[in-house]
Amino acid sequence: MTARRVRILAPLVALLLVAGAAVAQQSSATCRGLRYSGNFRLNSAKLYLDVAARTQRTDPSRSQSALRDAMRQLEDAARNGGSDEMTLAFLFGEALVMQGDLVGADTMFTKADARAEDECKREILRMRRNEWAPLANGALNVTRAGNLDSALALLRRGNLIYRDEPTGFLRMASIFAQRSQTDSAIAYAQLAAHSTEDPRFLDLRRAALFTAARLQQGANRPADAEATYREYLRLTPRDLPAMAALGAVLTQQNKTAEVTVLYDSLSVVADTVTDPDVLFDAATELVRARRYPLAARLFERELTFNRCHRDALYNLASTYNVMRDSVHMLQAARRLVAVDSMNRGSLALLAQAFVMTGERNKTVETLLRHDSLPWTFELVRFTSADSSATLLGAVSNAQQHTLAPFRLTIEFLNGACEPVSQTDVEVPEVAGNGQSTVDVTGRGTGIRAYRYKTN
C-alpha cells in the first residue's frame, strides 16, 4: 500500500508567526480593579513601573534604576501588609516580567488572576502573551535554520509565562515527532489540544488531537488512541479518516460490536462525502484495519472525483488483490499502468492481475516488460494547491550501463483526468544504477493528479 500523505501534526498552520508587542510600552500595565492610589508604597511602585516601561528602550539604565525602586516599594508593601492583594500581585508580576523572571511573574500573575475582575484578567493574559510571542517567533526562526535544540529551549521558556493557546505546544510536538521521541510528542500534542476553549483555535486543537491519537496508535497504545480519537470526533463528528482509524484501534481491542456499529455509520457518511482527499485517507485507514470491501468502495468513490490519482489506483488494485477479486483488480491495474507505466510496482500489480484471471501470455508479456525497463520512475511527493501543483520524483537507471539523456513530459491533470498543463523535463545522462531527480511545478486551476510519458 502507498499513502500520499499522513494527517499528523499541522506544520503549515502551526508554524505561522504569532502577533506580539512590537514596541516598548509607554507606561506600565493597568486596568480597572487595581487599587494603589490610596497606598503610598503601591502608588510609588506604579509610578516607578511607568518610568521603567517608558524608558525601557530609550534609556535602559534609567529603566533598570526605576525597576529596582519599584521592586523595593513592592517588597516593603508586602512586608508591611494592608495592601490590596490582587494589586500587589499584579504589580509584582509586571515588575518580574521586566526583570526577565518569568517563573516568578507566572506565580504572581496566577495569584492576581485568582482575585481579578474580567478586565484585569484580560490584561494579565495580554502581558503573558506579549512575553511569549517573541520567544515563539524566535523558535520558528531557529527551527527554519535547523537548530531544533534552540527552538525547544525558546518554546520551553515561553511556556513558563503563557500556556493559553496551542501553537507553541504543537511546534514542540512536531519537533519531538521528527526526533521519534513519541511519548514527548504525544504529551505536547495533548497539551496543545487542551490549552484553550477559544473557538479561534479549534482547527489547531483538532489537529493536535488527531496527531496525539495517530502517535498513540503507532506506539501500540490502542486504549489511549481510542479515547483520543473519540475526543477528536466529539469536536469533528463524521470525520471519515478518524472514524476509520477508531475502527482500527477498536478491532485491535476485539470490540467487535462497537466496530460493526462504527463501520455501518462510516459507510452511510461516506456516501455523502465528495472530498477525494478525505475519501483516500479514510480508505487507507480501512486497509490498515483489514476492512477491505469497505476500503475498496471508498477508493472507488474517491476515483470518481480524481480519476487518475496514482496512489488511489495502486491501493485499490492492491486491495482487490487481497480480496482475490481478479476482475476489479485487472481494471484498476490497467488504469494504474496508464498513468505510471515505468514503475515496477505498478507493473507487478498488473502481472498479478493477469495471473489471477488466468491470462498466461499477458502475464509473461507484462513480467518481461517489468524486468526489461531501461529506467524507472518513483514518486517522492506530489502536492496540489489552488492554482499550481508540484511533483518531486526520481528517474532511476535500471541498467548497468549509462542511460542516455532523454525528455520526460509530466502532464498535470484535473479530477476528470484531463490535462491542465504540462512540463517537459530534460533528464540528463544517468550512470549505471544511478538516479536523477525530477522536480517540477505545474500551473493551472484544479490540478489533482499527474502522469508522465517520454517523447
Please set out all donor-acceptor pairs under 3.5 angstrom arising from side-chain atoms of residues 364-374, sequence neighbours excluded.
unit_1	atom_1	unit_2	atom_2	d
Thr366	OG1	Lys362	O	2.7
Ser372	OG	Leu368	O	2.7

*Decide side-chain contact (heavy atoms from CB on, under 4.5 Å) for Val420 and Thr445; before the verdict, give the C-alpha distance in whole Å, the side-chain angles of both, and the deciding distance to 0.1 Å.*
CA-CA 7 Å; Val420 175; Thr445 303; over 6 Å; no
Could you grab the distance from atom [atom1] of [X] to atom [atom2] of [Y], nearest 0.5 Å is fine?
{"X": "Glu123", "Y": "Phe109", "atom1": "CD", "atom2": "CZ", "answer": "8.5 Å"}
{"X": "Leu279", "Y": "Thr304", "atom1": "CG", "atom2": "OG1", "answer": "7.5 Å"}
{"X": "Thr441", "Y": "Ile410", "atom1": "OG1", "atom2": "CD1", "answer": "11.5 Å"}

Contact between [X] and [Y] at the side-chain level, heavy atoms closer than 4.5 Å - yes or no?
{"X": "Pro276", "Y": "His309", "value": "no"}
{"X": "Phe377", "Y": "Asn343", "value": "no"}
{"X": "Asn254", "Y": "Thr251", "value": "no"}
{"X": "Leu102", "Y": "Leu135", "value": "yes"}
{"X": "Leu313", "Y": "Leu303", "value": "yes"}
{"X": "Leu298", "Y": "Leu266", "value": "yes"}
{"X": "Arg310", "Y": "Leu336", "value": "yes"}
{"X": "Met356", "Y": "Asn321", "value": "yes"}

Ignoring hydrogens and geometry, is there a side-chain-to-backbone donor-acceptor pair from [X] to [Y] under 3.5 Å?
{"X": "Ser267", "Y": "Asp264", "value": "no"}
{"X": "Thr211", "Y": "Ala207", "value": "yes"}
{"X": "Tyr452", "Y": "Met342", "value": "yes"}
{"X": "Ser421", "Y": "Arg443", "value": "yes"}
{"X": "Thr107", "Y": "Val103", "value": "yes"}
{"X": "Arg163", "Y": "Asn159", "value": "yes"}
{"X": "Arg129", "Y": "Asp164", "value": "no"}
{"X": "Glu231", "Y": "Ala227", "value": "no"}
{"X": "Ser341", "Y": "Ala338", "value": "no"}
{"X": "Asp281", "Y": "Pro241", "value": "no"}

Under 3.5 Å side-chain donor-acceptor pair for [X] and [Y]:
{"X": "Thr110", "Y": "Arg128", "answer": "yes"}
{"X": "Thr383", "Y": "Thr390", "answer": "yes"}
{"X": "Glu165", "Y": "Ser195", "answer": "no"}
{"X": "Gln331", "Y": "Tyr320", "answer": "no"}
{"X": "Thr236", "Y": "Asp239", "answer": "no"}

Looking at [X] and [Y], what are the two nearest heavy atoms and their distance?
{"X": "Ile161", "Y": "Ala105", "answer": "CD1-CB, 3.9 Å"}
{"X": "Ala208", "Y": "Ala192", "answer": "CB-CB, 3.7 Å"}
{"X": "Val142", "Y": "Ser150", "answer": "CG2-C, 4.0 Å"}
{"X": "Ala449", "Y": "Cys308", "answer": "CB-O, 3.5 Å"}

*Only one of Arg297, Arg301, Arg238 clears salt bridge (Lys or Arg N to Asp or Glu O under 4.0 Å) with Asp271; which?*
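Going through the options one by one, the only one that passes is Arg297.
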Who passes side-chain hydrogen bond (donor to acceptor under 3.5 Å, both in side chains) against [X], sequence neighbours left out?
{"X": "Ser388", "result": "none"}
{"X": "Arg451", "result": "Glu411"}
{"X": "Asp101", "result": "none"}

*Salt-bridge test for Arg448 and Asp277: reply yes if a basic N is under 4.0 Å from a carboxylate O, no otherwise.*
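A salt bridge links Arg448 with Asp277.
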*asked:* Once ring pair (Phe, Tyr, Trp, His ring centres under 6.0 Å) is applied, do any residues pair with Phe412, and if so which ones, sequence neighbours excluded?
replied: none
_Holding to ring pair (Phe, Tyr, Trp, His ring centres under 6.0 Å), I want the full list of residues that pass it with Phe176, two or more places apart in sequence or in another chain._
Tyr188
Is the [atom1] atom of [X] crowded by more than 12 outside heavy atoms at less than 6.0 Å?
{"X": "Arg334", "atom1": "CZ", "answer": "yes"}
{"X": "Asp424", "atom1": "CG", "answer": "yes"}
{"X": "Arg307", "atom1": "CZ", "answer": "no"}

*asked:* Between Glu94 and Met108, is the side-chain contact (heavy atoms from CB on, under 4.5 Å) condition met? List the steps.
replied: CA-CA 9 Å; Glu94 183 180 8; Met108 287 300 171; over 6 Å; no
*Could you please spell out the steps behind the side-chain contact (heavy atoms from CB on, under 4.5 Å) verdict for Lys121 and Leu125?*
CA-CA 6 Å; Lys121 288 179 183 290; Leu125 194 63; over 6 Å; no
*side-chain contact (heavy atoms from CB on, under 4.5 Å) between Leu152 and Arg179, intermediate numbers included*: CA-CA 12 Å; Leu152 286 172; Arg179 293 179 162 184; 3.5 Å; yes
*Name the orientation class of the two ring planes belonging to Trp132 and Tyr162 (parallel below 30°, tilted from 30 to 60°, perpendicular beyond 60°).*
tilted
